[in-house]
Amino acid sequence: IEQPTFPKITEMCVKMIRRVNDEEGIKKLVNETFQKLWFTPTPHHDKEAMTRKILNITDVVAACRDTGYDWFEQLLQNLLKSEEDASYKPVKKACTQLVDNLVEHILKYEESLSDSDNKGVNSGRLVACITTLFLFSKIRPQLMVKHAMTMQPYLTTKCSTQNDFMVICNVAKILELVVPLMEHPSETFLATIEEDLMKLIIKYGMTVVQHCVSCLGAVVNKVTQNYKFVWACFNRYYGALSKLKSQHQEDPNNTILTANKPALLRSLFTVGALCRHFDFDQEDFKGNSKVNIKDKVLELLMYFTKHSDEEVQTKAIIGLGFAFIQHPSLMFEQEVKTLYNSILSDKNCSVNLKIQVLKNLQTYLQEEDTRMQQADRDWKKVAKQEDLKEMGDISSGMSSSIMQLYLKQVLEAFFHNQSSVRHFALNVIALTLNQGLIHPVQCVPYLIAMGTDPEPSMRNKADQQLVEIDKKYAGFIHMKAVAGMKMSYQVQQAINTSPKDPVRGFRHDESSSALCSHLYSMIRGNRQHRRAFLISLLNLFDDTAKTEVNMLLYIADNLACFPYQTQEEPLFIMHHIDITLSVSGSNLLQSFKESMVKDKKKERKPSSDEETESDSNSGSESESEEEASKPRRLRKRVDSDSDSDEENDINAVMKCLPENSAPLIEFANVSQGILLLLMLKQHLKNLCGFSDSKIQKYSPSESAKVYDKAINRKTGVHFHPKQTLDFLRSDMANSKITEEVKRSIVKQYLD
């Protein structure tokens, strides 16, 4: 029993089993592999094989402790479902064997815990075994019915380590699922469970309280109907809260309140937890009393959400979240709407409070989903006696109305600099979309934005949601793509840790991939959508669009790094860059000329502007080539120009500058878009190895097949628009106009 399985086998199992929700081929392979490995009946005499199997399963469960057990549940459901209609059910038989042997192992581990040398190892094994039993109970609770009385004594485990607490919580979760299925359990057994749970609720912390109240809810509501027992517990904590509220109202600075803070925190949490699992407005609890308990609880908890201590506020909000699961209609109350929306939208509000509000919404949605699944299962049992559709519509109608109230604020939480806030906001949106509670189109730009998150798990989740939406509603992604790009820039701004550095649009790793590469890969397959998307992005560089410079840099980065596959894609961009430049570039130079004051006494050199217009492309391309690390060609150009001529040109233009410097700054600002397009064109040319003639010959109206060849990307070509980066880093748009700044802008104009 003490022999560990080989770590490499465990590691391989963990890697394989996580692919259980993959594409059909892989899913089938995973199911077949683990059916042979774990879920094939073992001969009764082969104890060694069974022990190996138990150790392997519990090792894998222990290895996944931090990442969750969805894979196990999915695997077990898949396998049991596959043999539902079969006469011989090997998986069911194997599960019965495994459960019976896991219980035997638990008893052996408990005996060996007295051996101090192996205490840590066996304690960990005990937790893994009980966790595995809980996972079986979750899918097939009937398997554990005969072992319920064996599990009950573990509720009295003395808690000194984290493992001890995990044992209690998992045993409580098992009994919650199993006790309601027992036929005629003894009254002594039930009374012992109730008392054990109550002792744990009174003595231990949040996690234990939560699971024990949940277990008590199942035992009392479904089996014993011992409502007086629960009512007494509720009144104990509700009474304590009422008293503490009165004391706080009389004197908020009363020292007694500080001393009673632990009792206040426990009361807020426990009252909420009890309200989640028991409807105290039923006659079984309050008798003939006319008092509306849920409103009284709401009033009490709302009072403490305004407390000066953040810890008290958090516990009050947790309590509210629990109460709302039993009574969702309370979320329509004006004071609740104001509380939730103000916490979510206030930028200065505590991160802990934001997270707790999002957790409340997440838990409510998860609970609703569980209720609907249970209703579905119950309906299947009683065939067509119930109109399930109508039942579902009522429940989902309530959830939908609730999410409409808070949707905007939850989506706006994506723009928070703390990843934990973004994480819970994304969870809430994913649950809302999966349950079909809102029209998905309003979430698309936000999901595109979250697809640029630095954390892989979050961007993968956002990308997955987009894929699901695209399957059901073709064209939605394309419709909101540009809005999503702009929003992704806002997300990057929010999480930018060094405000002095401009926000960039590619990943700062070996791949240098565009932050919005997944969005582009979703759109690129449809030629019409792809072209419309690219033109919309290029239009943002037009001087009339008034797009801020850093956003243009962000979009240029993405355009430079998108995962282009055919030659047509970058050629199309370069073609439209030329069109934009021919109009915007000329307009920009003309507007600068018109802002200059004509000096009659000393005429400026006529050549400088003419040269600028005629050579704007070649000059800028030379500049672009500088960025593409080609200094020799640059040196030739610089050497061929006379320094004195250049200086004369600058001086001549300087004399004609207007006193009002606003047009200068406007020019410097607007010209960044033109410069970025020139740099982008040069970058794509270098990256794809296109010749000038190939670019000039390209026509968008040509047959798609002509330019359908794959791109041969060159390595080590990076997009680095130095002038724009310098412009942003020096904050030229807001800087004081000095002679040096003027000279810099004039040189930019002449270039």
Side-chain angles (χ1 to χ4, degrees), residues 448 452 478 481-490 492-493 502-506 514-517 519-520 523 529-562 564 569-592 612-613 616-617 619-621 623-624 627-628 663 665-687 695 698 700 719-728 732-733 745 748-749 751:
I448 291 169
T452 67
H478 160 250
V482 178
M485 283 278 288
K486 289 179 178 177
M487 221 170 250
S488 70
Y489 169 68
Q490 288 175 264
Q492 293 304 313
Q493 264 188 320
V503 173
R504 302 304 302 269
F506 58 85
L515 290 180
C516 295
S517 57
L519 170 67
Y520 182 76
I523 292 173
H529 286 177
R530 180 181 75 228
R531 287 184 162 191
F533 172 58
L534 292 172
I535 288 172
S536 298
L537 291 183
L538 292 171
N539 285 345
L540 295 173
F541 291 82
D542 192 296
D543 54 340
T544 56
K546 305 288 182 194
T547 313
E548 64 169 293
V549 175
N550 199 164
M551 188 188 276
L552 291 179
L553 171 65
Y554 176 80
I555 290 166
D557 280 339
N558 274 283
L559 286 166
C561 303
F562 274 155
Y564 304 117
E569 296 164 59
L571 284 169
F572 179 82
I573 293 171
M574 294 158 90
H575 175 79
H576 277 275
I577 285 175
D578 284 341
I579 294 170
T580 306
L581 291 174
S582 66
V583 179
S584 293
S586 304
N587 289 348
L588 186 60
L589 293 171
Q590 189 59 36
S591 65
F592 187 90
T612 305
E613 284 196 67
S616 61
N617 271 347
S620 300
E621 287 205 2
E623 196 158 41
S624 306
E627 310 313 332
I665 293 296
E666 177 69 11
F667 170 81
N669 217 18
V670 176
S671 64
Q672 295 307 317
I674 305 297
L675 287 167
L676 279 167
L677 289 181
L678 284 164
M679 298 294 290
L680 177 60
K681 182 184 173 185
Q682 187 62 36
H683 169 78
L684 293 173
K685 182 182 171 185
N686 294 339
L687 181 71
I695 297 165
Y698 171 79
F719 183 62
H720 184 73
K722 186 175 182 299
Q723 270 193 304
T724 304
L725 290 169
D726 289 345
F727 175 85
L728 288 166
M732 192 181 283
I745 294 171
Q748 199 171 304
Y749 162 71
D751 282 345

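The residues of the chain are indexed from 1 along the displayed sequence.
The distance from atom OG1 of Thr580 to atom CD1 of Ile674, rounded to the nearest 0.5 Å, is 8.0 Å.
Considering only residues two or more places apart in sequence or on other chains, Tyr564 meets the ring pair (Phe, Tyr, Trp, His ring centres under 6.0 Å) condition with Tyr520.
Considering only heavy atoms from C-beta on, Leu675 stays 4.5 Å or farther from Pro721 through its side chain. Using a 4.5 Å cut-off on side-chain heavy atoms (C-beta onward), His576 and Phe572 make contact. No side-chain heavy atom of Asp542 sits less than 4.5 Å from a side-chain heavy atom of Val583. Two residues are said to be in side-chain contact when any heavy atoms from C-beta on lie closer than 4.5 Å; Val503 and Leu553 fail this criterion. In this structure, Met485 and Asn558 have side chains that are in contact, with non-hydrogen atoms separated by less than 4.5 Å. Looking at Lys681 and Asp578, their side chains come closer than 4.5 Å, going by heavy atoms from C-beta outward. In this structure, the side chains of Leu559 and Phe541 come closer than 4.5 Å at one or more pairs of heavy atoms. In this structure the side chain of Gln493 never reaches within 4.5 angstrom of the side chain of Asn550, judged on heavy atoms.
Here the side chain of Ser488 pairs no donor or acceptor atom with the backbone of Thr452 at under 3.5 angstrom. In this structure, Asp557 contributes its side chain and Arg504 its backbone to no donor-acceptor pair below 3.5 Å.
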Legend entry - side chain to side chain contact (heavy atoms under 4.5 Å, CB included) assessment of Tyr554 paired with Gln492: CA-CA 9 Å; Tyr554 176 80; Gln492 293 304 313; 3.8 Å; yes

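Between Ile448 and Ala481, the shortest heavy-atom contact is CD1-CA, 3.9 Å. Nearest heavy atom pair, residue Gly673 against residue Leu552, reads CA-CD1, 3.9 Å. The two residues Ile573 and Leu680 make their nearest non-hydrogen contact at CG2-CD2, 4.4 Å.
By the 30° and 60° cut-offs, the orientation of the rings of Phe533 relative to Phe562 is tilted.
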